[in-house]
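The shown structure was predicted, so the numbers you read here are calculated from the model rather than taken from an experiment.
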Amino acid sequence: MSARINELFIYNSLSGQKEKFEPIHPNRVGMYVCGPTLYSEPHMGNMRTFINFDLIYRFLLKLGFQVKYVRNITDAGHITNSAGDDVDSIGKAARLEQVQSLEIVYKYNVKFQELQRIYNMLPPNIEPTATGHIQEQIEIIEQIIENGYAYVVNGSVYFDVKAYSSKFEYGILSGRKVDELAEETRTLNAQDEKRFFADFALWKKSNPEDMQIWRSPWGDGNPGWHIECTAMSTKYLGSHFDIHGGGLDLKFPHHEDEIAQNCGSLGCNPAKYWMHANMLNVNGQKMSKSLGNYFLPKEIVEGTTDVFEKSYTPNVLRFSMMQAHYRSTLDFTADSLNAAEKGFTRLTEAIEKMETLKTSETSSVNVNEIIESFYKAMNDDFNAPILLSKIFDAVKYINNINDGNATISKEDLEVLIFEINSFVGDVLGLKLEKTNSDSKLAPVMDLVLDIRKSARENKDWTTSDKIRDGLAAAGIVVKDGKEGSTWN
RNA sequence: GGUCUCAUGGCCGAGCGGCUAGGCACCGGUCUGCAAAACCGUCUACAUCAGUUCGAAUCUGAUUGAGACCUCCA
C-alpha cells in the first residue's frame, strides 16, 4: 500500500497542470483550506467545497500520509476597501439581528459544526479563528511594512502592489496582469487612501459603528480580509506547506493576495499545490436567493425547502457530489438527485449482500485488478466519479456472485470487503446505514409479515394484499423476494 | 468591457488522439399469485463549420451558446 503513496497526481492551479504529488516532508502533508465566514448559515454550495476537501483529506489519510489539516473559521468581518465601501459582513448581520458580533459568530459556528456531523465530514486537526490570531496578523503586517511592501495611511495599512511587483509577480495564481487590472478598474474612484488601484487593505482603521475593534501599532482597527489566512497558515503549517485549498471563487483576489502577503513577509509562496473546488449549481444556475434556487444543507435533508419536492439524506447528497469531479461544476436537479438516491441504494444493498456471499475455490474475476482501479482513480487528481464507476463494476460482480453467475475465493472476498468498505466509508465518506434498524418496529413487522406469509401460503390473496396495501399507506414498502419478504 | 472556463446520448456526469466510464430513465428478460422490488442484458452520444492526422468527443482555427471571475462570495 505504501507504494501507492508515490503515485498521486494533483492538479495544481498554480501551473494549470496535473503534477506528481511530492510532499515537502516525506509522508507528511500540511493542508490549509479556507473555511466559512460565519455571518450566516453555510449554504449547500459551501458544503460542496468542504465536502470535496474532506474527500481529499480522507484519501490522503487512506494513502497513509500523516496529514495536518487546518481549516480556519472567519469570525472577523471581511474589511475591504477596493470598491470604496467598507464591508463588515458579520457586523452587518449583527446589526440586522440586533445582537453582538460574537453572538452571530457563535450561533453560526454551532450550526456549522452540526452540519459537519450531519454530512459526515472529518473534523480538521485545527480550526483556528481569525479573532484568536489578531496578534499574529499584526506581526505579519509589520513584517510586510518592514520589507517595504506596505504603507500606512491615516491609521490603515495597504499592501503596495507596485513595490511588490518589482520583485515578485503579482497575479501569478489568477493570471491577472497588473496592467490589465488598471484598465478595468480605472473608473472606480474612492481610492483616495490607496496609492495604486490594485493595493489592498491589510489593516483598516475602525469606524465608529464597528462592533469589533482591535488595537494595533497603527491605531484601533480591523484586519483586512486576506491577512488572517496568511497568519494562521503560517502559524500552524509554516511559511511553506503542501496544499492550500478553497472554493474557485476565492482564487482572485483572496488567494492571490495571500500569496502576495506570504511572499511579501516571508519571501515565498505559502503552498506548493493550490487546489480549487468548483461551484454547485441548482437547476442550471448558481445558487441565489433571487433565483429561488437557494437552500440550506439542513433544509434539503429535512425536506423544508421549496426548491425540491422531497427530502434527501446527507448520504445521497454526498453520493451525488462524489459522482462529479471536484474541479467540475455540478448541477443539482430533482432528476439528478433522484438518480443518485437510487444508485446509492443499489450500492448499499450490494455492500450488505457482500457480507453473506458464498465463496468458491477460485474467483471468476481478477479482484486485485478491481482494487487497483480504485487506487488508480483516486490517485489521478482525486477522481471520485471514476472510483464510483469502478465500485459499481464491483457491485455488478457481487450481484453476479450472489446469483450464482460468478465466483469468488475466500481470500479475494476478504480483500474486497475490506477495500470496498474502506473506499466507500473512509474515502468517499458515505455511511452505510443498515436497513431495518428501527428496533421497536422490527419485531412488530416480523409478526405482521409472518401473518402475511401464512395468508400467502394459503393463497389468501385478499388478506395478503390487504396487509401490503395497509403497510404501504403507512409508508412501509413490502418487497417479496426469493427468500421471504423484506420491508423498509 | 477585460480575463478565463465549458459545450458529451432523455437526465446527471467521466474520459481529453485509436481500446468509445458509471449512475438514473427507457426497452427486453429472470423472478413472482398479482404488483412492486431486486437482478441480468440491450441502448454508441460527444454544439456547428473548417483544418491537422492513417485515425479526433479528445489537437488547431472560426462560429454559436452557457457559465465563472474582475465587487462580498465556497
Side-chain angles (χ1 to χ4, degrees), chain A residues 16 33-37 39-40 42-53 77-80 82-85 87-89 92 171 174-177 180-185 187-188 198 225 245-254 256 276-281 284-288 319-320 322-325 327-347 349-350 353 373 377 380 383-393 395-396 398-400 402-403 405 456 459-461 464-465 468-469 472 477-482 485-488:
Chain A
V33 173
C34 292
T37 302
Y39 64 95
S40 68
H43 62 243
M44 206 62 213
N46 295 288
M47 294 312 281
R48 164 133 112 124
T49 297
F50 300 134
I51 286 172
N52 271 141
F53 281 103
H78 290 167
I79 311 295
T80 61
S82 33
D85 295 318
V87 179
D88 171 5
S89 41
K92 215 161 122 189
S174 60
R176 273 166 228 273
K177 301 275 179 287
E180 285 166 359
L181 285 165
E183 294 294 325
E184 303 149 23
T185 337
T187 48
L188 292 173
W225 173 26
L248 191 60
D249 49 354
L250 293 182
K251 199 169 176 183
F252 187 87
H254 186 241
E256 193 66 64
H276 292 96
N278 215 138
M279 307 288 103
L280 176 74
N281 286 166
Q285 281 170 302
K286 185 175 170 174
M287 254 201 207
S288 144
F319 175 84
S320 173
M322 293 299 126
Q323 281 193 301
H325 188 85
R327 279 193 288 118
S328 301
T329 53
L330 167 64
D331 195 19
F332 265 15
T333 63
D335 282 350
S336 74
L337 291 178
N338 289 338
E341 189 170 51
K342 293 197 176 173
F344 182 64
T345 303
R346 193 154 92 92
L347 174 64
E349 286 180 358
K353 222 180 281 174
S373 73
D380 183 15
N383 201 324
I386 295 286
L387 203 216
L388 272 173
S389 85
K390 299 301 178 190
I391 289 175
F392 271 103
D393 287 344
V395 164
K396 193 163 285 182
I398 290 164
N399 286 329
N400 274 323
N402 194 239
D403 293 349
N405 297 323
R456 293 182 74 207
K459 300 200 192 298
D460 178 4
W461 311 128
S464 92
D465 288 353
R468 187 171 69 196
D469 296 344
V477 181
V478 176
K479 301 174 190 174
D480 297 333
K482 220 183 257 178
S485 304
T486 56
W487 60 276
N488 61 40

Enquirer: Could you go step by step and tell me if A:N278 and A:R48 meet the side chain to side chain contact (heavy atoms under 4.5 Å, CB included) rule?
Expert: CA-CA 8 Å; A:N278 215 138; A:R48 164 133 112 124; 4.0 Å; yes
Enquirer: If you measure from the P atom in B:U20 to the same atom in B:U63, how many Å do you get, rounded?
Expert: 35 Å
Enquirer: Atom CD of A:Q323 and atom P of B:A25: how far apart are they, to the nearest Å?
Expert: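 One finds 12 Å between P of B:A25 and CD of A:Q323, rounded.
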Enquirer: Rounding to an integer number of angstrom, what distance separates B:U53 and B:A14 when you compare their P atoms?
Expert: 32 Å
Enquirer: Looking at B:G41, I'd like to know if its phosphate oxygens (OP1 or OP2) sit under 4.0 Å from a side-chain N or O belonging to A:K396.
Expert: yes
Enquirer: With sequence neighbours left out, what residues match A:H325 under ring-ring contact (aromatic ring centres under 6.0 Å, His included)?
Expert: none
Enquirer: Figure out the CZ/C1' separation between A:R327 and B:C16, and round it to whole Å.
Expert: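 Checked: the CZ to C1' distance equals 11 Å.
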Enquirer: Starting the side chain at C-beta, find the nucleotide from B:C24, B:C12, B:A74 nearest to A:L250.
Expert: B:A74
Enquirer: Look at the side chain of A:K390 and decide which nucleotide, out of B:G23, B:A21, B:C12, has an atom nearest to it.
Expert: B:A21
Enquirer: Does B:A14 have OP1 or OP2 sitting under 4.0 Å from an N or O in the side chain of A:S328?
Expert: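 Answer yes for this pair, as a side-chain N or O of A:S328 is under 4.0 Å from OP1 or OP2.
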Enquirer: First locate atom CD of A:Q323, then atom CD1 of A:I386, and finally report the distance between them rounded to the nearest 0.5 Å.
Expert: 11.5 Å
Enquirer: Please state the C1' separation for the pair B:U48 and B:A57 - nearest whole angstrom.
Expert: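 B:U48 and B:A57 have their C1' atoms separated by 14 Å.
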Enquirer: So which heavy atom on A:M47 is nearest to which on A:P42, and how close?
Expert: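 So the two residues come closest at SD-CB, 4.4 Å.
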Enquirer: Of the listed nucleotides (B:A14, B:C70, B:C39), which one gets closest to any side-chain atom of A:D403?
Expert: B:C39
Enquirer: Within the structure shown, what part of the strands sits under 4.0 Å from A:A277 by heavy-atom distance: base, sugar-phosphate, or nothing?
Expert: nothing
Enquirer: Answer with yes or no whether A:D465 presents, from its side chain, a donor or acceptor under 3.5 Å of a partner atom in the base of B:G33.
Expert: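 Present.
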Enquirer: Toward the 5' end of RNA chain B, which comes first, A:F332 or A:K353, by nearest nucleotide?
Expert: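 Checking each residue's closest nucleotide, the 5'-ward one belongs to A:F332.
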Enquirer: Output the rounded distance in Å from CH2 (A:W461) to C1' (B:A36).
Expert: 15 Å
Enquirer: Please report the distance, rounded to the nearest Å, between CG in A:L330 and P in B:C11.
Expert: 16 Å
Enquirer: When the distance from CZ of A:R176 to P of B:U5 is rounded to whole Å, what number comes out?
Expert: 12 Å
Enquirer: Could you measure between the two C1' atoms, the one in B:G15 and the one in B:C49, and give it in whole Å?
Expert: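 Taking atom C1' in both B:G15 and B:C49, they lie 24 Å apart.
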Enquirer: In this structure, how many angstroms lie between the C1' atom of B:A37 and the CD atom of A:E341, rounded?
Expert: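 Atom-to-atom, A:E341 to B:A37, this comes out as 15 Å.
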Enquirer: NA contact type, A:S389, heavy-atom cut-off 4.0 Å: base, sugar-phosphate, or nothing?
Expert: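 Here A:S389 touches the bases of the nucleic acid.
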Enquirer: When you look at A:M287 and A:H43, which way does the side chain to side chain contact (heavy atoms under 4.5 Å, CB included) test go after all the steps?
Expert: CA-CA 9 Å; A:M287 254 201 207; A:H43 62 243; 4.0 Å; yes
Enquirer: From C-beta outward on A:D249, which listed nucleotide comes closest to its side chain: B:G33, B:A74, B:G22?
Expert: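 Of all the options, the side chain of A:D249 is nearest to B:A74.
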Enquirer: If you assign A:N338 and A:N281 each to the RNA chain B nucleotide with the nearest heavy atom, which residue ends up on the more 5' nucleotide?
Expert: A:N338
Enquirer: Could you tell me how far B:U58 sits from B:C46 if I compare only their P atoms? Round to whole Å.
Expert: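 Here B:C46 and B:U58 have their P atoms 11 Å from each other.
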Enquirer: Could you tell me how far B:A36 sits from B:C27 if I compare only their P atoms? Round to whole Å.
Expert: 12 Å
Enquirer: Picking from B:G15, B:G22, B:C40, which would you name as closest to the side chain of A:D393?
Expert: B:G22
Enquirer: Check the distance between B:C40's P and A:N400's CG and give it to me in whole angstrom.
Expert: 6 Å
Enquirer: Taking atom C1' in both B:A45 and B:A56, compute the distance separating them and give it to the nearest angstrom.
Expert: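 The same atom, C1', in both gives a distance of 15 Å.
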Enquirer: Side chain of A:T37, heavy atoms from C-beta onward: which of B:A74, B:G15, B:A38 has the nearest atom to it?
Expert: B:A74
Enquirer: Rounded to whole angstrom units, what separation is found between the NZ atom of A:K286 and the C1' atom of B:A68?
Expert: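 So the two atoms are 8 Å apart, to the nearest Å.
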Enquirer: Please lay out, stage by stage, how A:R327 and A:N52 fare under the test side chain to side chain contact (heavy atoms under 4.5 Å, CB included).
Expert: CA-CA 9 Å; A:R327 279 193 288 118; A:N52 271 141; over 6 Å; no
Enquirer: As a quick check of understanding, evaluate side chain to side chain contact (heavy atoms under 4.5 Å, CB included) for A:F392 and A:R346, giving each step before the final call.
Expert: CA-CA 9 Å; A:F392 271 103; A:R346 193 154 92 92; 3.9 Å; yes
Enquirer: Please state the P separation for the pair B:G22 and B:U42 - nearest whole angstrom.
Expert: 10 Å
Enquirer: Once you apply a heavy-atom cut-off of 4.0 Å, does A:H325 come out as touching a base, just sugar-phosphate, or nothing?
Expert: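 Since only primed, P, OP1 and OP2 atoms lie under 4.0 Å of A:H325, the category is sugar-phosphate.
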Enquirer: Looking only at the side chain of A:D335 (C-beta and beyond, no hydrogens), which of the listed nucleotides B:A74, B:A35, B:C11 gets closest?
Expert: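 Among B:A74, B:A35, B:C11, the one nearest the side chain of A:D335 is B:C11.
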Enquirer: Please, what dot-bracket string fits RNA chain B when only Watson-Crick and G-U pairs with both distances under 3.5 Å count, crossing ones use [ ] and pairs to another strand use |?
Expert: (((((((..(((.....[...)))..((((.......)))).....(((((..]....))))))))))))....
Enquirer: Give the minimum heavy-atom separation between A:F332 and A:L330, together with the two atoms involved.
Expert: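 So the minimum-distance heavy-atom pair works out to CE1-CD2, 3.7 Å.
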Enquirer: With the side chain of A:P385 defined as its heavy atoms from C-beta on, choose the nearest nucleotide among B:A74, B:G13, B:C70.
Expert: B:G13
Enquirer: A:L248 and A:M279: which non-hydrogen atoms are nearest, and at how many Å?
Expert: N-CE, 3.5 Å
Enquirer: Please check the phosphate of B:C40 (OP1 and OP2 only) for any side-chain N or O of A:R346 closer than 4.0 Å.
Expert: yes
Enquirer: Any Lys/Arg nitrogen of A:D393 or A:K396 sitting under 4.0 Å from an Asp/Glu carboxylate oxygen of the other?
Expert: no
Enquirer: Ignoring backbone atoms, test whether A:N399 places a side-chain nitrogen or oxygen under 4.0 Å from the OP1 or OP2 oxygen of B:C40.
Expert: yes
Enquirer: Is the phosphate of B:A25, meaning OP1 or OP2, less than 4.0 Å from a side-chain N or O of A:K342?
Expert: yes
